[in-house]
Amino acid sequence: MRLSTLTTRTGCRALHEFRRARSVGCCRPSHGAAAASRSSIHTLQAPAGQPQRHSTVSVTAVAGASATAGGSMSYSTAAAAAKAGPQEVPSGMDTEAMLMEQLTSIPLISKATCRPSHNTGGRGVDIQVLATQHNLPSNSKRQLQFTAFVPEPHRHHQVLCSGLPIELQQSVLNSPSPSGRRSLIAKSSSDGVLLELWAHNRIVKELLVPKSLHGPIINDGWFSRGAAWNPTESIIVYVAEESAAEQTPKFGSSSSNGSGSGSNGSSSNGEAAAAPRTWRGVSAAVEDWGELNTGKRTPSLFALNTDTWQVHKLAGLADSDASWGQPVWTPDGSGIVAVAWPHKAANFPHTSRRLGIVHCFNRPCGLHYIPYPAPPAAAGDDGQPAADGAAAAADVATVPLTASLLSGLSPVFTPDGSQLLFISQEAAAASGVHAATSALYSLAWNGQPSPSQKPHCIIHAVHKPEAPGAFPGLYAFSLHEQGFAGPQTLLVTSQWYSQTVILAVGLKDGSVTPVTPTDARQGSWTLQGVCNGLAVATVSAPHHPPRLMLAPVPASLTDSSSSSSSSSSWDWSPVQALEPDLSLLPEAAAALSDMQCEVLDVVPTVGDTDLHFQAVVQVSKSRAGPAPTVLVPHGGPHSAVAANFYMPFVLLAARGYSIVAVNFRGSLGFGEAGVQALPGHIGHYDVEDCIAALDAAVAGGFADKDRAAVIGGSHGGFLTGHLMGQHPERFRCAGLRNPVLNIALMVGVTDIPDWCYVEAYGTQEGRKRFSAEPSAEDLAKFWAVSPIAHIGGVKGPMMFMLGAKDRRVPLDDGWRYLEALRSRGVETRVLVFPEDSHALDKPQTEFEQWLNLAWWLKQHMG
């Protein structure tokens, strides 16, 4: 059983139960004669024979229950309660559940792949659109594929689309070749990895790669975003886990009675025979990359040769003590450029451990050239890949390309092959913050890479924007392999204050021009690729889910001497045929059409008051005056809220709340000075920025100053705890999602202990003090900047959502703080999701936590 809440869960087990659930009274103290029956905390016991798991739930007497003078329930009432079963919590949430069910049923575009169409002699564009749709009963996401055909770029309004989408089988990799004529699909198997090569509308070859050759394929968006095809599309390089380095002997075979059967269950003549049952023990633990990488072995590079059907590990990687990923072929096919992440971080020399990597762009990494030698002959036609032989044993040395930088990732070659472009997170790696302003670099490429060549910086990190609304710096974490609008123009997705936009970057002069609107109310944009002069993108706004957008590249950019254009010269149009039909989702349609989005410019009240920040307000258009408000600080802290579609915000706005999402100082998209202003001041500057944002929303007429709550996750949960403790008079209740509450506890168990030092002490002092052995002074500092230091000020009810598999902010951080609240008599409720990690993003988890939060707000906000 999936004990997602570890509380009475009958009403959340399936969606139809919400609709037929009977209201049994809210878990709120009665204001009548039964007011003396106050909330109490109960610990639920696990069934016999199952591990004990603890959870708490606030319980009150059911309204209307009769009681004797001594306070005990009458026999008839007790019998009725026993017959009814456990109390359903949350109750009375049918309207919210129906709206969430409708919103989560809308397919959300996640990726679009564009390739030349062979139906029009290569002039048109075929677009494969991938979308996800929540399958709540199975707690999974359906993978849907739509197809679209554009006959010519300048006829982008005439798009032919498939009818119904097809649901894709669960594959870990689906990588079409650049020409669109071939495709590699990889699937997991109990015996290894299945590789399918498709061409000519059929499977050409299926190979089973055994676990002894490599482990599961990696396609996580970090180490890999697909496979790399060589220029002739005959060799494919992909990322997979290395095979296990060791295993224990088979235990139990020594009990054989010597009857002639071997320990492997075969007789002396090779036939199957009876044998004792055996098992293998636990091998030595191998360090991994932390959150979302638990138990995964080191990523490395492997190649499939479709001429010989050989699979082998690339040569020259064995002794690197690094993880490899993001491969791309050189223009002449002589080798691969890939990214290596050293297992020991050079910017934190006082630790030898492998630090967590997900969302941590401060991890040192660099580009390397790997020559690709001719592979050995094929092993035969038995359908099995050849063993890892001569290619791996060849004497090949990798060539470092970015040794002068701490960070180099996401390599792409220009269309003419003369330059290698890449992103550098030097500002993050040098300072120690987990994300910062990016830089764009290039290397001249003549086919003979040299480690002595220095990269050229095209776009430097911007300290402060030159003027309000001016270019704030580049906040791009990857470059698209099909991002070229012309020989000298690269399109890049980047954070731009409180939205994401697509920028046209001039490779000659470093010019930067937005090619999409820079009004956050119009939504956030993501580049999906450029093919045959047609740009493909998605745009998402608070009032609509992601939609596919097309625009012909302006003719001026196809000239090799031109590298800039204005946003007004781009004729973006939506693909109407792929718009979701909301006619059968009336509640969702009404909620979306009623959404209003505004962006507030906020002036800080402490520290450098010149570093303005923003708050994104989402509220119902039909509200009557200021609305009860939910303040939402984001996590990170070095990330940002972008104005886009987010189901929980639509839900809350539809129920009458004003959402104030704060991009406090330290957020991305406002200049490097803003990012670096926060370390050393967490729990102070960010807290007061949240209060300033709330005051700005009140002044703007969006927020009711007397009815406010706060909800945050991760660092947003850190701020939620601080706000409830430091400003208890401003908030009626709170919701905390995997929050940071006691850094002194967190530092010893998290996968990112460097975060604790850098954010508490500041970048310079934090990097200097970072150690695997925190001192008493360190622990005192961590405690002092944490919400636990202000727990005595907390008065309002607090609800917690915790993931049992969270390695970033492990479960104990929340539990210990919760116990301290209980001892002080603060009303609490906690939901523990046993299979969730830090993001709490499984479909049922997302549904249940926000339904519970909406219920919590209803109880305490009115």
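Numbers here are sequence positions counted from 1. Keep in mind that what you see is a predicted model, and the values were worked out from it rather than measured.
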Exercise. Mark yes or no for whether Asn305, through its side chain, and Gln310, through its backbone, hold a donor-acceptor pair below 3.5 Å.
Key: no

Quiz item: For Leu527, does its backbone N or O pair with a side-chain atom of Thr493 as donor and acceptor, under 3.5 Å?
Solution: yes

Exercise. Decide ring pair (Phe, Tyr, Trp, His ring centres under 6.0 Å) for Phe361 and Trp222; before the verdict, give the C-alpha distance in whole Å, the side-chain angles of both, and the deciding distance to 0.1 Å.
Key: CA-CA 10 Å; Phe361 293 94; Trp222 186 277; 4.8 Å; yes

Quiz item: Which heavy atom in Pro574 sits nearest to a heavy atom in Glu579, and how many Å separate them?
Solution: CB-OE2, 4.4 Å

Self-check item: Distance-only donor-acceptor check, side chains Ser105 and His134, under 3.5 Å
Solution: no

Practice problem: Of all the heavy-atom pairs spanning Pro153 and Asn532, show the shortest one and how long it is. | Solution: CG-O, 2.7 Å

Quiz item: Ignoring hydrogens and geometry, is there a side-chain-to-backbone donor-acceptor pair from Trp329 to Gly335 under 3.5 Å?
Solution: no

Quiz item: Hey, does the side chain of Glu242 reach the backbone of Gly215 with a donor-acceptor pair shorter than 3.5 angstrom?
Solution: no

Quiz item: Does some side-chain heavy atom of Leu317 sit less than 4.5 Å from a side-chain heavy atom of Leu301?
Solution: yes

Self-check item: side chain to side chain contact (heavy atoms under 4.5 Å, CB included) between Gln482 and His480, worked out
Solution: CA-CA 5 Å; Gln482 291 180 282; His480 202 290; 3.6 Å; yes

Quiz prompt | Side-chain donor-acceptor pair present, Gln170, Lys187, cut-off under 3.5 Å | solution = no

Quiz item: So, Trp572 versus Thr516: side-chain donor-acceptor pair below 3.5 Å or not?
Solution: no

Quiz item: For the ring pair Phe149 and His118, is the centre-to-centre distance below 6.0 Å?
Solution: no

Exercise. Give a yes or no on this: more than 12 heavy atoms of other residues, nucleotides or ligands lie within 6.0 Å of atom CD of Glu246.
Key: yes

Quiz item: Measuring from Thr330:OG1 to Leu420:CG, what's the distance to the nearest 0.5 Å?
Solution: 10.0 Å

Quiz item: Can you check whether Trp525's main-chain N or O pairs, donor with acceptor, with Thr500's side chain at less than 3.5 Å?
Solution: yes

Quiz item: Step by step, would you call Ser323 with Trp289 a side-chain hydrogen bond (donor to acceptor under 3.5 Å, both in side chains)?
Solution: CA-CA 10 Å; Ser323 293; Trp289 282 107; 2.8 Å; yes

Self-check item: Straight-line distance of Phe422 CZ to Thr402 OG1, nearest 0.5 Å
Solution: 5.5 Å

Quiz item: What's the shortest heavy-atom distance between Ile236 and Ala227, and which atoms?
Solution: CG2-CB, 3.5 Å

Quiz item: From Thr147 OG1 over to Ile127 CD1, what is the distance, rounded to the nearest 0.5 angstrom?
Solution: 10.0 Å

Practice problem: Please check if atom NE2 in His156 has more than 12 non-hydrogen atoms from other residues, nucleotides or ligands closer than 6.0 Å. | Solution: yes

Quiz item: Does the side chain of Thr298 pick up a donor-acceptor pair with the side chain of Glu241 at under 3.5 Å?
Solution: no

Quiz item: Do Trp324 and Phe223 pass the ring pair (Phe, Tyr, Trp, His ring centres under 6.0 Å) test, and can you show the C-alpha distance, the side-chain angles, and the key distance before you say yes or no?
Solution: CA-CA 7 Å; Trp324 294 84; Phe223 292 108; over 10 Å; no

Quiz item: Just wondering, do Phe146 and Leu130 contact through their side chains at under 4.5 Å, heavy atoms?
Solution: no

Quiz prompt | Any side-chain donor near an acceptor of the partner, Ser177 and Arg115, under 3.5 Å | solution = no

Quiz item: Can you tell if the side chain of Lys111 reaches within under 4.5 Å of the side chain of Gln128, non-hydrogen atoms only?
Solution: no

Exercise. Give, for atom CD of Glu101 and atom CZ of Phe847, the distance between the pair rounded to the nearest 0.5 Å.
Key: 6.5 Å

Quiz item: Where the side chain of Ser189 meets the backbone of Val193, is there a donor-acceptor pair that is under 3.5 Å apart?
Solution: no

Practice problem: Please report the C-alpha distance between Val501 and Leu503 in whole Å, then the side-chain angles of each, then the deciding distance to 0.1 Å, and finally whether the side chain to side chain contact (heavy atoms under 4.5 Å, CB included) criterion is met. | Solution: CA-CA 6 Å; Val501 300; Leu503 304 175; 3.6 Å; yes

Quiz prompt | Rounded distance (nearest 0.5 Å) linking atom CD1 of Ile109 with atom OG1 of Thr132 | solution = 10.0 Å

Quiz prompt | Residue pair Val505 / Leu491, side-chain heavy-atom distance below 4.5 Å | solution = no

Quiz item: Would you say Asp288's side chain and Gly295's backbone share a donor-acceptor pair under 3.5 angstrom?
Solution: yes

Practice problem: Using the side chain to side chain contact (heavy atoms under 4.5 Å, CB included) rule, take Val159 and Leu548 through it: C-alpha gap first, then chi angles, then the decisive distance, then the call. | Solution: CA-CA 11 Å; Val159 184; Leu548 192 69; over 6 Å; no

Self-check item: Any side-chain heavy-atom pair of Pro843 and Thr104 under 4.5 Å
Solution: no

Exercise. Side-chain contact test, heavy atoms from C-beta onward, threshold under 4.5 Å: evaluate it for Pro400 versus Tyr369 and give yes or no.
Key: no

Self-check item: Working for side-chain hydrogen bond (donor to acceptor under 3.5 Å, both in side chains), residues Arg182 and Thr306
Solution: CA-CA 11 Å; Arg182 311 183 98 187; Thr306 63; 3.2 Å; yes

Self-check item: Rounded distance (nearest 0.5 Å) linking atom CG of Asn293 with atom CD1 of Ile357
Solution: 7.5 Å

Quiz item: When you look at Tyr238 and His214, which way does the ring pair (Phe, Tyr, Trp, His ring centres under 6.0 Å) test go after all the steps?
Solution: CA-CA 11 Å; Tyr238 57 88; His214 67 61; 5.5 Å; yes

Exercise. Would you mind reporting whether Leu292 and Asp220 have side-chain heavy atoms less than 4.5 Å apart?
Key: no

Quiz item: Would you find a donor on one side and an acceptor on the other, under 3.5 Å apart, between the side chain of Gln528 and the backbone of Val536?
Solution: no

Exercise. Grab the two heavy atoms, one from Ala535 and one from Trp570, that are nearest each other, plus how far apart they are.
Key: CB-CZ3, 3.8 Å

Quiz item: Given the rule in the side chain to side chain contact (heavy atoms under 4.5 Å, CB included) test, do Phe302 and Leu314 qualify, once you have shown the distances and angles that lead to the verdict?
Solution: CA-CA 6 Å; Phe302 297 83; Leu314 293 195; over 6 Å; no

Self-check item: Minimum-distance pair of heavy atoms, taken over all atoms of His368 and Ala340
Solution: CD2-CB, 3.7 Å

Practice problem: May I ask you to decide whether Glu481 forms a salt bridge with Arg225, counting only side-chain N to carboxylate O separations under 4.0 Å? | Solution: no

Quiz item: Between Asn174 and Ser171, is any side-chain donor less than 3.5 angstrom from a side-chain acceptor?
Solution: no

Practice problem: Assess the side chains of Ser243 and Arg297: does a donor N or O sit below 3.5 Å from an acceptor N or O? | Solution: no

Quiz prompt | Glu835 with Lys842: basic N within carboxylate O range, under 4.0 Å | solution = no

Quiz item: Has the side chain of Gln145 got a donor or acceptor atom that lies under 3.5 Å from a matching backbone atom of Val129?
Solution: no

Self-check item: Any side-chain heavy-atom pair of Leu443 and Leu401 under 4.5 Å
Solution: yes

Exercise. Looking only at non-hydrogen atoms, find the nearest pair between Gly226 and Asn219 and report the distance.
Key: N-OD1, 2.9 Å

Quiz item: Out of Val412, Val239, Val339, which one pairs with Gln326 under the side chain to side chain contact (heavy atoms under 4.5 Å, CB included) rule?
Solution: Val339

Quiz item: Does Ser410 reach the main-chain N or O of Leu479 with its side chain, forming a donor-acceptor pair under 3.5 Å?
Solution: yes

